[in-house]
Amino acid sequence: MFIGTLETHQAEAVDRLRTMPRALLADVVGLGKTVTALAHICDLYERGELGRPGRPIWWVTSANLIQQAVNEMSKFTPSLAVIDQNHTLFSPNKPKLMDEFRSAFPRGPEVVVVSFEHVHQHSLTLLKRFGKPAMFVVDEAMAVKNFQGKRHKELASLTRRPPGSASARVLAMTATPYENNPLETYALMRIIDAPGLWSRADFDRFVEYSEEYDIPGTNQRVEAQPIGWIPEHVAEFREFFERYTIRRTAEDAQLSLPVHVGDRHRFVPLTVRQAARYKAFENVKGAAGHTLRTLAGRSAGEESALVDAFMDWLENESNGERAVVYCESLGVVKLLGEALDALGIGYRSIEGQVATKYRNRYVAEFNDASSDVRIFIGSKVLEVGLNLHHTCRNLISLDASDNPQREAQREGRIRRIGSPFATYRHLTFLPDTPVARTKVDSLAAKSRNADLLLGAPAPTY
């Protein structure tokens, strides 16, 4: 059923997953988790463990990754009957459409691809429409890392093992099983319903919390927040975590992925207008002041020191090569586009409002070495699911995120299996402000906490 050749680490994962009905596949970015999951599904089908025909597989992912998942299934598992929530026959209400559905899916679909939001809003309809799933695949599972959120609760209720009845397999996937704090990792374990998982209250003994404090000059109180692991207890949780998790680095898999070269970050002085705006917000207290100062550090009106720094890099350091550019605000996306337009440099830009069909076209153009699209600009939507490594080894971030694992996800767009390059760059331009310098320190602290659980060091910030 599977069409393609697996790398050794992927084949090993398929073998291990047979005996792991509740599992987290957490290989680092670029090692081909989607292909591994599809090979695992085929392996289970061929062994008769899912039934064929039988109950479908629910493949749950972010809305903007649905088409990519379907494309991968068409390539590697073409014999599987796949339907996604955007398919015209997904909800046939008219007799003619129902006939078309039965003709297209005589045994019913074997894989149903839906978004987290669709599951949250329509779980009962999905169960009635397609029946109880034989397996859940939860792609980019950190999208439901808020265990108190409605989307997490709905999905966790579906994947929970019902007492006394046959339970579906669950395979969650993420390259970033630790992002900001331990409670997010706990949420992943709840999604797969890992046997023996501690209750939420008992899990607190692994978690270090910040102290509560009042913001001077305001009536605001900042509650205690989870900030990391209690070092003397993390080994116990790590032993539990590894029981249900498969995670390999490129070194573990003996793959020759591109290695990083050059600076990791550079601080950039603000323009005169930005500096004036930043200073005007210095005395604004609390979260509002932090947000205003952050935005001032990125741009003010038509000025952005970050855009200026990138254009200087493009002229003097890029050697004419292509680059993927991440922007932390849409205002900077706009200003960068205008700067490239002024010089006649070909680019494409993707943010949340860009339709999927255009995203796919833009990616194809950027990956085409003969096209004049030299720069690929985007916001957070660029961080997952896209393969941009075919013609590019340069990644530039205009300001950093607050999450070191998001930075790793960005790198994974160009540091992947099949890259023709031996090296890659990830250079982050940051405004030279107290806010940005504090952010760099926070990223480093979060990376150290990830290391306590995962062992492999994250990029140095």
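In this text, all values refer to a predicted model and were calculated from it rather than measured experimentally.
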With a distance cut-off below 6.0 Å to the six-membered ring centre and an angular limit of 45° from the axis, does Arg129 pair with Phe105 as a cation-pi contact?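 Not flagged: Arg129 not positioned over aromatic ring of Phe105.
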Row check, Tyr244 ring normal vs Arg22 NZ/CZ: under 6.0 Å, within 45°: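 Pair Arg22/Tyr244 does not count as cation-pi.
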My understanding is that only residues two or more places apart in sequence, or in another chain, count here; which of them pass ring-ring contact (aromatic ring centres under 6.0 Å, His included) with [X]?
{"X": "Phe136", "value": "Trp58"}
{"X": "Phe241", "value": "none"}
{"X": "His260", "value": "Tyr424"}

Kindly compute the distance separating [atom1] ([X]) from [atom2] ([Y]), expressed to the nearest 0.5 Å.
{"X": "Lys153", "Y": "Gln148", "atom1": "NZ", "atom2": "CD", "result": "6.5 Å"}
{"X": "Arg169", "Y": "Met135", "atom1": "CZ", "atom2": "CE", "result": "6.5 Å"}
{"X": "Leu388", "Y": "Arg416", "atom1": "CG", "atom2": "CZ", "result": "9.0 Å"}
{"X": "Leu17", "Y": "Leu44", "atom1": "CG", "atom2": "CG", "result": "8.5 Å"}

For [X], what residues pass the salt bridge (charged side-chain N to carboxylate O under 4.0 Å, His left out) criterion, not counting sequence neighbours?
{"X": "Arg298", "answer": "Asp399"}
{"X": "Arg248", "answer": "Asp27"}
{"X": "Arg393", "answer": "Glu321"}
{"X": "Glu72", "answer": "none"}

Residues which pass side-chain hydrogen bond (donor to acceptor under 3.5 Å, both in side chains) with [X], listed by chain and number, not counting sequence neighbours:
{"X": "Thr245", "value": "none"}
{"X": "Ser199", "value": "Asp202"}
{"X": "Arg16", "value": "none"}
{"X": "Glu317", "value": "Arg266"}

Looking only at atom types and distance, does a side-chain atom of Arg425 sit under 3.5 Å from a main-chain N or O of Asn394, one as donor and one as acceptor?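 Here the side-chain-to-backbone pair does not exist.
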Ignoring hydrogens and geometry, is there a side-chain-to-backbone donor-acceptor pair from Glu365 to Ser371 under 3.5 Å?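 Looks like no, no N/O pair under 3.5 Å.
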Under a plain distance cut-off of 3.5 Å, with no hydrogens placed, do [Y] and [X] share a side-chain donor-acceptor pair?
{"X": "Asp252", "Y": "Thr249", "result": "yes"}
{"X": "Glu154", "Y": "Ser123", "result": "yes"}
{"X": "Arg410", "Y": "Ser401", "result": "no"}
{"X": "Lys446", "Y": "Asn403", "result": "no"}
{"X": "Tyr347", "Y": "Asp341", "result": "yes"}

side-chain hydrogen bond (donor to acceptor under 3.5 Å, both in side chains) contacts touching residues 3-15 (sequence neighbours left out):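 Residue pairs with at least one partner in residues 3-15: Asp15-Arg18.
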Under the side-chain contact (heavy atoms from CB on, under 4.5 Å) criterion, do Phe376 and Asn367 qualify, and how do the steps go? CA-CA 10 Å; Phe376 205 88; Asn367 285 332; over 6 Å; no
Ion pair check, Glu338 and Lys334, cut-off under 4.0 Å: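 Salt bridge flag = yes for Lys334 with Glu338.
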Check Arg264 with Glu411, please: is the shortest side-chain N to carboxylate O separation under 4.0 Å?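 Looking at Arg264 together with Glu411, the answer is yes, because their closest N to O distance falls below 4.0 Å.
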